[in-house]
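Data block below; observations after.
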Amino acid sequence: MAKHKGRAWHSRLLAAALGVTAVAAAASVWTAQADPAGGRPQASASAPEAQPQDQVAKVAEDIAHASDRGAKGVNITIDDGPDPVWTPQVLELLKDSGVKATFCMVGTQAEAYPDLVKAVVADGHRLCNHTVSHDTAMDTKSEAYQRQQILDAERMITKASGGVRPQYYRAPGGAFTPYSRHLAASRGMRPLGWNVDTKDFEHPGVDTMVATVKSEISNGPTVLFHDAGGERSQTLAALREVLPWLKQEGYSFGFPVR
């Protein structure tokens with residue numbers, strides 16, 4: 001999600017996350033000042049359950065943009081859900097179009113709507129960790145805070161999915177740090193960026209969103225849409241136009257490289 005997105009959505013998610021992760025986010029974590037060093041992992045203040053013990057294969061730490069379908073591949077990515085109103089409609093549209101996507105889920109949303117997380121997985125889409133509370137300023141926070149946001153969200157999404165782990169990590173608003181990329185990669189979650197930002201959260205109009213994709217897809221294959229955080233009828237309408245256009249232009253739909 002773009003960094004300049006409205007604060008109301010983040011505030012609601014943060015309030016929910018405070019209730020969910022009160023133990024993990026002890027006062028020393030949530031009030032910690034920014035850590036300019038951004039170095040290697042330090043002692044974590046996360047709750048024990050936020051420190052997964054299973055062994056996973058480390059992936060690359062650099063931020064992925066490329067598609068596993070090559071030069072004419074496109075990665076459709078859907079952020080901030082799941083949402084009980086909009087996610088089912090997005091899933092239906094993708095199914096009708098024969099398109100697979102990557103869903104970057106907020107931990108509190110995944111925990112609230114586990115059936116939707118399972119539906120995403122059942123339809124063959126991939127999961128991405130979008131942190132517990134979608135704090136777009138988390139790159140200014142302590143490493144302990146970043147660790148809690150990433151590992152708690154990993155746990156919440158994996159549990160909601162029935163055991164399917166997220167394969168990517170997208171920092172809210174692109175607020176990556178060297179530490180967060182290293183931590184995510186060590187847990188098998190490739191840091192994930194984007195090339196085309198439709199800015200659908202600003203409701204710019206369907207024509208504008210479609211024009212953005214058409215003019216910017218040459219910049220790279222990863223396209224950013226949202227299924228939560230507000231009213232998403234424009235997103236659905238834009239997808240209905242964009243997906244067939246991309247097919248007509250010879251693109252195929254894949255997943256971000258890992």
Side-chain angles (χ1 to χ4, degrees), residues 1-17 65 74-97 99-110 112-113 116-117 119-120 125 128 130-139 168 170-175 192-249 251 253 256:
M1 174 177 292
K3 196 147 190 156
H4 50 279
K5 187 180 177 184
R7 296 178 179 273
W9 172 236
H10 164 234
S11 298
R12 292 195 298 272
L13 287 172
L14 188 56
H65 295 89
V74 172
N75 308 320
I76 300 297
T77 63
I78 313 289
D79 281 21
D80 293 359
D83 179 271
V85 173
W86 302 108
T87 301
Q89 296 182 65
V90 171
L91 286 174
E92 182 178 6
L93 190 157
L94 292 173
K95 182 178 289 186
D96 291 344
S97 302
V99 173
K100 305 301 182 187
T102 301
F103 283 76
C104 299
M105 295 187 174
V106 174
T108 51
Q109 294 294 107
Y113 305 107
L116 290 178
V117 182
V120 168
H125 306 293
C128 172
H130 206 32
T131 74
V132 173
S133 61
H134 198 278
D135 183 354
T136 58
M138 66 179 291
D139 56 339
Y168 308 93
R170 174 173 276 168
L192 176 60
W194 62 82
N195 305 105
V196 182
D197 184 357
T198 62
K199 292 184 169 59
D200 54 348
F201 55 88
E202 294 180 352
H203 303 104
V206 175
D207 290 345
T208 297
M209 292 162 60
V210 172
T212 295
V213 175
K214 290 182 177 180
S215 64
E216 296 185 11
I217 193 64
S218 60
N219 295 339
T222 303
V223 186
L224 174 59
F225 289 97
H226 296 84
D227 63 342
E231 204 270 352
R232 294 290 169 244
S233 60
Q234 288 188 11
T235 298
L236 288 165
L239 281 167
R240 289 191 186 97
E241 293 190 36
V242 162
L243 298 181
W245 178 83
L246 288 167
K247 290 181 180 180
Q248 291 168 9
E249 293 297 306
Y251 290 95
F253 298 92

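Looking at Thr87, its side chain never comes within 3.5 Å of a backbone N or O of Pro84 through a donor-acceptor pair. Remark: the backbone N or O of Ala101 is paired with a side-chain donor or acceptor of His125 at under 3.5 angstrom. Checking side-chain atoms of Gln109 against main-chain N and O of Met105 turns up no donor-acceptor pair under 3.5 Å. Proximity of a side-chain donor or acceptor of Lys199 to a complementary backbone N or O of Thr208 within less than 3.5 Å is not detected. A donor-acceptor pair is defined here as one N or O able to donate and one able to accept, closer than 3.5 Å; no such pair exists between the side chain of Asp200 and the backbone of Thr235.
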side-chain contact (heavy atoms from CB on, under 4.5 Å), that's the test. Do Cys128 and Thr77 meet it? Break it down for me. CA-CA 9 Å; Cys128 172; Thr77 63; over 6 Å; no
Go through it in stages, so that I can follow the logic: the residues are Phe103 and Val90, the test is side-chain contact (heavy atoms from CB on, under 4.5 Å), and I'd like the CA-CA distance, side-chain angles, deciding distance and then a yes or no. CA-CA 11 Å; Phe103 283 76; Val90 171; 4.1 Å; yes
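Across every non-hydrogen atom of Ser97 and Leu243, the tightest pair is OG-CD1, 3.7 Å. The shortest heavy-atom contact between Thr222 and Gly193 is CG2-O, 3.5 Å. Annotation for Asp197 and Glu216: closest pair N-OE1, 4.2 Å, computed over non-hydrogen atoms. Across Val223 and Thr198, no two heavy atoms sit closer than the pair CG1-CG2, 4.0 Å. Between His130 and Asp79, the shortest heavy-atom distance links the atoms NE2-OD2, 3.5 Å. Taking both residues in full, the closest heavy atoms of Thr136 and Asp139 are given as O-OD1, 3.9 Å, listed atom of the first, atom of the second, then distance.
Considering only heavy atoms from C-beta on, His203 comes within 4.5 Å of Arg232 through its side chain. Under the 4.5 Å side-chain criterion, counting only non-hydrogen atoms from C-beta, Val120 is not in contact with Pro82. Inter-residue side-chain proximity for Pro172 and Asp135 is flagged as unmet; no heavy-atom pair is nearer than 4.5 Å.
For the atom pair Gln248 CD and Leu246 CG, the distance stands at 9.5 Å (nearest 0.5 Å). The CG atom of Asp227 sits 9.5 Å away from the CG atom of Leu94 when rounded to the nearest 0.5 Å. Put simply, OG1 on Thr212 and CD1 on Ile217 are 11.5 Å apart, with the number rounded to the nearest 0.5 Å.
By the side-chain contact (heavy atoms from CB on, under 4.5 Å) test, Lys95 is found to be paired with Asp123, residues two or more places apart in sequence or in another chain being considered. For Glu241, the side-chain contact (heavy atoms from CB on, under 4.5 Å) partners at least two apart in sequence or on another chain are Val206, Val210.
Enclosure of atom CD in Glu249 by more than 12 non-hydrogen atoms of other residues, nucleotides or ligands within 6.0 angstrom is indicated.
His65 and Asn195 are not linked by any side-chain donor-acceptor pair at a separation below 3.5 angstrom, with hydrogens and angles left out of the test. Side-chain N/O atoms of Thr102 and Arg170 include no donor and acceptor closer than 3.5 Å.
Remark: of the listed residues Trp194, Trp86, Phe201, Phe201 is the sole one forming a ring pair (Phe, Tyr, Trp, His ring centres under 6.0 Å) with His226.
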